[in-house]
Amino acid sequence: MTITKGLAVIAILICAIAGYALQSGPEERIAMLVRDGRQAEAKVEIEAILQSGQAKPRVLMQLALLQEAAGDPVRATELLELYVLARPHDRDALAWLVKTYDASDNARGLVEALTKLAAVEPTRERIARLAGLHRYEGRYDEERSVLERFPAVVDKEPEMLERLGGLLAAEGRAQEAVAILRRADALAGDDGERVRKLLFELLLQTGAYDEAAQRAQSWLTQWRKPWLASQLTLRLAAKAPFEAGRSLGEASAALHPDARLYLARILAEQGNRRIAGALLAGWPFADQPLNKQEIEGYVAASVAAGDTATIWATFARLRARPDLAEAQALFAEAAASHFGMTSIALLQPPLPLPVLRARPIFAARLALHRGETRIARTLLASADPAAMPEAERSAWLDLLLRTNTARAAFQTLHGLRQRHELPATLIPAYRSLAAQLGLIASGGMTLASTRDDATAH
């Protein structure tokens with residue numbers, strides 16, 4: 001090849017390269033500058049394109065990245081916002097905006113960007129955060145709108161459904177709230193107490209009493225909490241017709257037998273005497289101990305229910321059972337506390353002595369009410385104060401001193417001490433009587449020795 005031909009080929013190549021450069025667009029030139037590490041020149045080039053009004057979305061993105069790399073996040077964000085206007089469904093760009101606004105504490109920008117990102121790709125985390133941002137600022141309408149806008153996600157989340165139901169209820173949209181909370185109830189597990197109580201209240205508010213009773217029975221079986229059973233029953237009974245209240249009341253009592261009498265009494269005091277009477281019907285119940293607490297609870301509940309006739313009819317049935325002497329005495333004592341001692345003193349036939357001995361303090365008071373001081377003394381002398389609670393023991397001592405002379409009372413206490421049956425709490429009274437009677441620790445009858453005191457019961 002001659003020199004002339006070689007120069008011609010080189011000239012052709014130069015012209016081709018120049019022509020290509022002239023034909024290449026601004027994006028290619030910017031890409032080459034960035035590739036060669038000439039970011040400052042690339043930024044100038046892009047800014048010029050922006051000023052011309054001919055920038056494409058990709059150019060905006062490139063400049064935004066360059067501005068971020070150069071340490072100008074504000075300018076980068078502005079450019080990315082312009083990019084998002086052109087490409088509103090670009091998930092990565094929106095996620096970048098959310099991250100940027102979050103880092104800069106730009107609450108307004110964060111909400112706007114998160115709203116757009118959630119619309120493009122709704123996730124539980126994004127919706128929960130967006131709703132939470134509105135709630136934190138007190139924008140409850142916007143919070144409710146967010147939760148309503150994404151049912152595909154919210155319908156799987158009990159907490160979101162509960163919140164949406166509460167917001168709807170606060171706006172007076174009770175029926176819509178009930179529909180939402182029914183879905184939340186279906187998803188709730190053992191921790192669904194709060195959402196279910198809200199649903200229960202709204203069912204009462206909308207007059208769905210039977211549904212409220214049925215759902216409550218199901219929940220109570222799962223919760224096994226007596227106070228919740230009483231709470232829901234009382235709320236329902238205060239508003240619902242008798243049958244719905246009775247149904248839930250009986251279910252609650254069956255689940256928590258120990259709370260039946262308390263529930264019946266509170267229902268009666270609340271004004272629901274018919275439901276209370278239904279819970280008391282058939283007392284005493286099978287396998288239920290007829291102790292002091294149980295009997296006093298029944299009598300108190302029946303009095304609150306205004307069912308005096310049933311109280312005495314029940315007492316008559318107990319009196320027909322010789323094997324229930326203590327229960328008879330306890331019932332008589334409970335009835336006397338409500339109707340007065342005369343109501344028991346006038347019973348025919350009178351309570352037999354074996355029954356009275358089961359409650360010697362009450363029996364002594366009853367005897368005194370009748371003017372039968374001798375019988376009162378006999379009952380007190382045969383009692384065992386060591387087996388009594390402290391309050392009853394004090395009452396026993398008081399009656400002993402009232403019905404006896406000081407010497408006779410001392411003899412009773414001394415006899416208990418000699419049998420090692422005198423409770424330690426009664427020793428001061430024993431010593432006081434001894435001093436009053438002039439009985440000194442010398443020969444014959446003596447006060448308790450230190451050793452005896454240590455072994456006294």
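Along the sequence shown, residues carry numbers from 1. Being a predicted model, the structure only gives us computed values, none of them experimental.
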Q: Start with the C-alpha gap between Arg149 and Ser145, add the side-chain angles, then the distance that decides, and say whether side-chain hydrogen bond (donor to acceptor under 3.5 Å, both in side chains) holds.
A: CA-CA 6 Å; Arg149 202 180 309 148; Ser145 178; 3.2 Å; yes
Q: Start with the C-alpha distance between Arg317 and Thr314, add both sets of side-chain angles, then the distance that settles side-chain hydrogen bond (donor to acceptor under 3.5 Å, both in side chains), and finish with yes or no.
A: CA-CA 5 Å; Arg317 290 198 301 272; Thr314 302; 3.3 Å; yes
With a 3.5 Å distance limit and no angle check, can you tell me whether [X] reaches the backbone of [Y] through a side-chain donor-acceptor pair?
{"X": "Thr405", "Y": "Ala408", "answer": "yes"}
{"X": "Asn404", "Y": "Leu400", "answer": "yes"}
{"X": "Arg183", "Y": "Val178", "answer": "no"}
{"X": "Ser302", "Y": "Tyr298", "answer": "yes"}

Does a side-chain N-to-carboxylate-O contact under 4.0 Å join [X] and [Y]?
{"X": "Arg144", "Y": "Glu148", "value": "yes"}
{"X": "Arg139", "Y": "Glu142", "value": "no"}
{"X": "Glu159", "Y": "Arg163", "value": "no"}
{"X": "Lys292", "Y": "Glu333", "value": "no"}
{"X": "Glu125", "Y": "Arg129", "value": "no"}

Can you find a heavy atom in the side chain of [X] that is under 4.5 Å from one in the side chain of [Y]?
{"X": "Val195", "Y": "Asp185", "answer": "no"}
{"X": "Phe150", "Y": "Met160", "answer": "no"}
{"X": "Arg215", "Y": "Arg182", "answer": "yes"}
{"X": "Leu133", "Y": "Leu110", "answer": "yes"}
{"X": "Arg407", "Y": "Gln436", "answer": "no"}
{"X": "Tyr101", "Y": "Glu112", "answer": "no"}
{"X": "Thr403", "Y": "Arg374", "answer": "no"}
{"X": "Arg126", "Y": "Glu121", "answer": "yes"}

Between side-chain atoms of residues 387-396 and protein atoms elsewhere (two or more places apart, or another chain), which donor-acceptor pairs fall under 3.5 Å?
| unit_1 | atom_1 | unit_2 | atom_2 | d |
| --- | --- | --- | --- | --- |
| Glu390 | OE1 | Arg393 | NH1 | 3.0 |
| Glu390 | OE1 | Thr425 | OG1 | 3.4 |
| Glu392 | OE2 | Arg359 | NH2 | 3.2 |
| Arg393 | NE | Pro385 | O | 3.0 |
| Arg393 | NH1 | Thr425 | OG1 | 3.1 |
| Arg393 | NH2 | Met388 | O | 3.0 |
| Ser394 | OG | Glu390 | O | 3.3 |
| Trp396 | NE1 | Leu380 | O | 2.9 |

From [X] atom [atom1] to [Y] atom [atom2], the distance as rounded to the nearest 0.5 Å:
{"X": "Arg246", "Y": "Ile275", "atom1": "CZ", "atom2": "CD1", "answer": "9.0 Å"}
{"X": "Lys116", "Y": "Leu97", "atom1": "NZ", "atom2": "CG", "answer": "7.5 Å"}
{"X": "Leu426", "Y": "Thr412", "atom1": "CG", "atom2": "OG1", "answer": "12.0 Å"}
{"X": "Leu347", "Y": "Ile344", "atom1": "CG", "atom2": "CD1", "answer": "4.5 Å"}
{"X": "Ser382", "Y": "Leu353", "atom1": "OG", "atom2": "CG", "answer": "7.5 Å"}
{"X": "Thr233", "Y": "His256", "atom1": "OG1", "atom2": "NE2", "answer": "9.0 Å"}

I need the minimum non-hydrogen distance between [X] and [Y], along with the two atoms involved.
{"X": "Leu161", "Y": "Val154", "value": "CG-O, 3.4 Å"}
{"X": "Ala177", "Y": "Gly165", "value": "CB-O, 3.3 Å"}
{"X": "Ala276", "Y": "Ala305", "value": "CB-CB, 4.3 Å"}
{"X": "Ser247", "Y": "Gln217", "value": "OG-NE2, 2.8 Å"}
{"X": "Leu202", "Y": "Ala174", "value": "CD2-CB, 4.4 Å"}

(Q) Run the salt bridge (Lys or Arg N to Asp or Glu O under 4.0 Å) test against Glu326 and tell me which residues pass, sequence neighbours left out. (A)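 Partners of Glu326 by the salt bridge (Lys or Arg N to Asp or Glu O under 4.0 Å) criterion come out as none, since no residue qualifies.
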Q) Does NZ or CZ of Arg235 fall inside the cone over Phe200's six-membered ring, less than 6.0 Å from its centre and within 45° of the axis? A)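 No, Arg235 does not sit over the ring of Phe200.
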Q.
Set out, in order, the CA-CA distance, both residues' side-chain angles and the distance that settles side chain to side chain contact (heavy atoms under 4.5 Å, CB included) for Leu203 and Tyr209, then state yes or no.
A. CA-CA 7 Å; Leu203 289 171; Tyr209 302 122; over 6 Å; no
Q: Could you go through the side chain to side chain contact (heavy atoms under 4.5 Å, CB included) check for Ser230 and Ile266 one step at a time?
A: CA-CA 9 Å; Ser230 297; Ile266 299 301; over 6 Å; no
Q) So which pairs with a foot in residues 326-353 pass ring-ring contact (aromatic ring centres under 6.0 Å, His included), sequence neighbours left out? A)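 Listed once each, the pairs are Trp312-Phe339, Phe315-Phe331.
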Q. Around Gln293, counting heavy atoms of other residues, nucleotides and ligands shown, do more than 12 lie under 6.0 Å from its CD?
A.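 It does not: Gln293 CD has 12 such atoms or fewer within range.
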Q. Between Lys239 and Gln205, is a side chain to side chain contact (heavy atoms under 4.5 Å, CB included) present by the stated rule, with each step listed?
A. CA-CA 9 Å; Lys239 290 179 172 288; Gln205 182 180 326; over 6 Å; no
Q.
Apply side chain to side chain contact (heavy atoms under 4.5 Å, CB included) to residues Leu324 and Leu290 and explain how you reach the verdict.
A. CA-CA 9 Å; Leu324 297 178; Leu290 292 177; 4.1 Å; yes
**Q.** Worked verdict on Gln231 versus Lys197 for side-chain hydrogen bond (donor to acceptor under 3.5 Å, both in side chains)
**A.** CA-CA 10 Å; Gln231 184 183 91; Lys197 289 172 72 174; 3.2 Å; yes
Q: Might you work through the side-chain hydrogen bond (donor to acceptor under 3.5 Å, both in side chains) test for Ser337 and Glu296, ending with a clear yes or no?
A: CA-CA 9 Å; Ser337 69; Glu296 287 180 349; over 6 Å; no
